[in-house]
Amino acid sequence: MIFKENLFKNKSFIITGASSGIGAHISLTLNKLGAKIIAIGRDKNKLLSQKKQAKNPDDFIIISKDLSNFENIDKWTLELAKEYEGFDGAVLAAGIAQPLGINSPYYTDSAKEIFNINYFGNLQILKGLINKKAKTKDGASFIWISSTASKTPGKGLSSYGASKAAINAAVKSIALEIAPKYRINSILPGFIKTPLTEIGFDSEPFENSYPLGIGKVENISPLVCFLLSNASSWITGQEIIIDGGGESL
């Protein structure tokens, strides 16, 4: 870890998708650097497993929540912010991928499910946090995990890619709305080995596509730490690609 110890002491962040993959590693990394983490995910057992690994488990609060039922999540988030007396930012990492061709009879239902979590669920968390009543701290930074698939989605990834492209567009607009009080950026990872990609994707086609090799979750967390820190205080509304120099998904 290249960041100084207790970099995020007395800071608190909400992390969605914290039960596994990129979100889990980010949660544990920020906690190790002194932050209080509100780790949100669908699988309580997986969240408990992450808590056991946390360096500061007392500051690793787990909440089981399904973001696909997004209608009132902004209000729920507002109450959460009040309970913890405001946050210093959030990482919106919750997401699903269901590779499926447009001719599938389940295509539209799948697309709705993908958007409900990847876009609307995370958007509602963000909406709750930027509510004035949430008392989110001045200078707060928000990060939304997108994907290089938002640029060039592969075969069967039209819905997934579209949901990630929606994130990129929203971040650029929202950045203008919340400045100068808050910042928001999106990170676009290339192919990362996670439980999600191991189930839904064949990594073999990408083995020779990345000069620096296929990505790991620990390749993403340092960029997150930078964007949440004051060192990035003049960066907002950006979509930052991190893909090992490789081709997009």
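- Residues Ile235 and Phe226 are in side-chain contact: their nearest non-hydrogen atoms beyond the backbone lie under 4.5 Å apart.
- Atom NZ of Lys51 has more than 12 heavy atoms from other residues, nucleotides or ligands within 6.0 Å.
- Applying the ring-ring contact (aromatic ring centres under 6.0 Å, His included) test to every pair with at least one member in residues 23-59, sequence neighbours left out, gives no pairs at all.
- Remark: Lys137 NZ is packed, more than 12 non-hydrogen atoms of other residues, nucleotides or ligands lying under 6.0 Å away.
- When the side chain to side chain donor-acceptor pair (under 3.5 Å) test is applied to Ser27, no partner is found at least two apart in sequence or on another chain.
- At least one donor-acceptor pair under 3.5 Å links the side chain of Asn122 to the backbone N or O of Asn118.
- Residues Phe13 and Phe8 bring their aromatic ring centres within 6.0 Å.
- Contact between Ala165 and Ser150 at its shortest, heavy atoms only, is N-CB, 3.4 Å.
- Judged by distance alone, the side chain of Tyr84 and the main-chain N or O of Ile38 form no donor-acceptor pair under 3.5 Å.
- One finds the OG atom of Ser146 at 12.0 Å from the CG atom of Asn185 (value rounded to the nearest 0.5 Å).
- Here the closest heavy-atom approach between residue Cys225 and residue Leu33 is recorded as SG-CD1, 3.8 Å.
- Phe87 and Leu228 fall into different hydrophobic clusters, where Ile, Leu, Val, Met, Phe, Trp and Tyr residues are linked whenever their side-chain heavy atoms come under 4.5 Å apart, directly or through other members.
- Within the 3.5 Å criterion, the main-chain N or O of Phe115 finds no donor-acceptor partner in the side chain of Ser163.
- With rounding to the nearest 0.5 Å, the separation of CD1 in Ile145 from CD1 in Ile26 is 4.5 Å.
- Between the side chain of Arg183 and the backbone N or O of Ile143, no donor-acceptor pair lies under 3.5 Å.
- No donor-acceptor pair closer than 3.5 Å links the side chain of Asn31 to the backbone N or O of Ile37.
- Although no hydrogens or angles enter the test, the distance criterion places a donor-acceptor pair under 3.5 Å between the side chain of Asn219 and the main chain of Lys216.
- Under the 3.5 Å distance criterion, the side-chain polar atoms of Asp43 are matched with a main-chain donor or acceptor of Asn45.
- Considering all non-hydrogen atoms of both residues, Asn72 and Gln124 come closest at N-NE2, 4.4 Å.
- The closest side-chain heavy-atom distance from Trp76 to Lys65 is below 4.5 Å.
- Within the 4.5 Å cutoff, side-chain heavy atoms of Arg42 are placed close to those of Ile117.
- Although no hydrogens or angles enter the test, the distance criterion places no donor-acceptor pair under 3.5 Å between the side chain of Ser147 and the main chain of Leu188.
- Contact between Trp144 and Ala170 at its shortest, heavy atoms only, is CZ3-CB, 4.3 Å.
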